[in-house]
Amino acid sequence: ELLLTSRARSKDTEFKRIKGIIKAQTGADIIVATLPSILGLYPTNLGILTLKKGDEYDINLLEQALVELGYKKGDLTSGTGTFARRGDIFDIHPIGEQNPVRLDFFGDEVERIKVFEEGSSKSLTNLDSVLVMPATEMFLTDEDIKEVSSLIDGELKSYTGKKNERFKEFAEEVKANLAVRNFSAT
């Protein structure tokens with residue numbers, strides 16, 4: 001269902017849902033939710049990154065982890081669920097946060113973490129750590145991706161003619177999204 005409705009869903013709603021799931025999984029005392037949202041499927045274990053000042057990270061692996069968590073890479077952060085990398089500076093706008101954070105690296109070590117205003121880049125406060133929650137509810141392993149792609153290929157073989165060209169285009173788009181684990185509304 002997530003594959004078919006990914007464009008129709010609001011990112012803001014998805015971010016709120018993810019925050020709720022994480023709160024439920026980490027022992028929130030009270031959760032207020034509608035019956036349909038409780039009955040809906042959700043992942044049992046959402047990945048969360050905790051980035052700490054003084055810790056060392058492979059910047060390339062960090063970038064890959066953010067993409068797998070559903071974050072979109074750009075030249076600058078452009079809203080919640082985005083990140084940017086410029087040399088030893090790594091900007092992330094985590095879901096659930098009003099402002100993005102900047103990680104200043106010295107080599108592989110996080111030298112400083114600071115919250116900043118997105119438009120002006122004005123520093124607001126320094127942090128010792130930042131919690132980066134996923135920006136997507138859809139988590140697939142490489143094996144899952146191969147299996148779904150194979151199923152799509154099998155279905156595509158049964159469709160012929162011009163009438164089904166749109167279906168084929170859509171199926172190819174879903175496969176492309178699988179390949180980059182990009183299940184966010186655009």
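Model, not experiment: these values are computed from the prediction.
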We want to know whether Ser120 and Glu117 form a side-chain donor-acceptor pair, criterion being a heavy-atom distance below 3.5 angstrom. yes
Would you please classify the geometry between the Tyr57 ring and the Phe105 ring as parallel, tilted or perpendicular, with 30° and 60° separating the classes? perpendicular
So Val130 and Leu51, side chain to side chain contact (heavy atoms under 4.5 Å, CB included) or not? Walk me through it. CA-CA 5 Å; Val130 62; Leu51 303 171; 3.8 Å; yes
Take Asp104 and Asp88, measure what side chain to side chain contact (heavy atoms under 4.5 Å, CB included) needs, and give me the verdict at the end. CA-CA 6 Å; Asp104 291 323; Asp88 289 343; over 6 Å; no
Give the intermediate values and the outcome of side chain to side chain contact (heavy atoms under 4.5 Å, CB included) for residues Leu103 and Ile92. CA-CA 8 Å; Leu103 285 76; Ile92 307 168; 4.1 Å; yes
Heavy atoms of Val132 and Leu69 approach each other most closely as O-CD1, 4.4 Å
Quick one: list whatever passes salt bridge (Lys or Arg N to Asp or Glu O under 4.0 Å) with Glu63, sequence neighbours left out. Lys73, Arg85
Applying salt bridge (charged side-chain N to carboxylate O under 4.0 Å, His left out) to Arg86 and Asp91, what does each step give before you reach the verdict? CA-CA 8 Å; Arg86 293 174 312 285; Asp91 295 341; 2.9 Å; yes
Using modelled atom types only, decide if a donor and an acceptor are shared between the side chain of Glu118 and the backbone of Gly79 within a distance under 3.5 Å. yes
Within 6.0 Å of NZ in Lys114, more than 12 heavy atoms from elsewhere: yes
Counting neighbours of CG on Asp75 that are heavy atoms of other residues, nucleotides or ligands and sit closer than 6.0 Å, is the number greater than 12? no
Any chain of hydrophobic side-chain contacts (each under 4.5 Å) joining Val115 to Leu49? yes
Leu76 and Phe83: same hydrophobic cluster, using ILVMFWY side-chain contacts below 4.5 Å? no
For atom CG of Asn60, is the number of surrounding heavy atoms from other residues, nucleotides or ligands below 6.0 Å larger than 12? yes
Can you get from Leu66 to Leu127 by hopping between Ile, Leu, Val, Met, Phe, Trp and Tyr side chains that sit under 4.5 Å apart? yes
Do the side chains of Leu124 and Phe90 join up, straight or via other hydrophobic residues, at under 4.5 Å, putting them in one cluster? yes
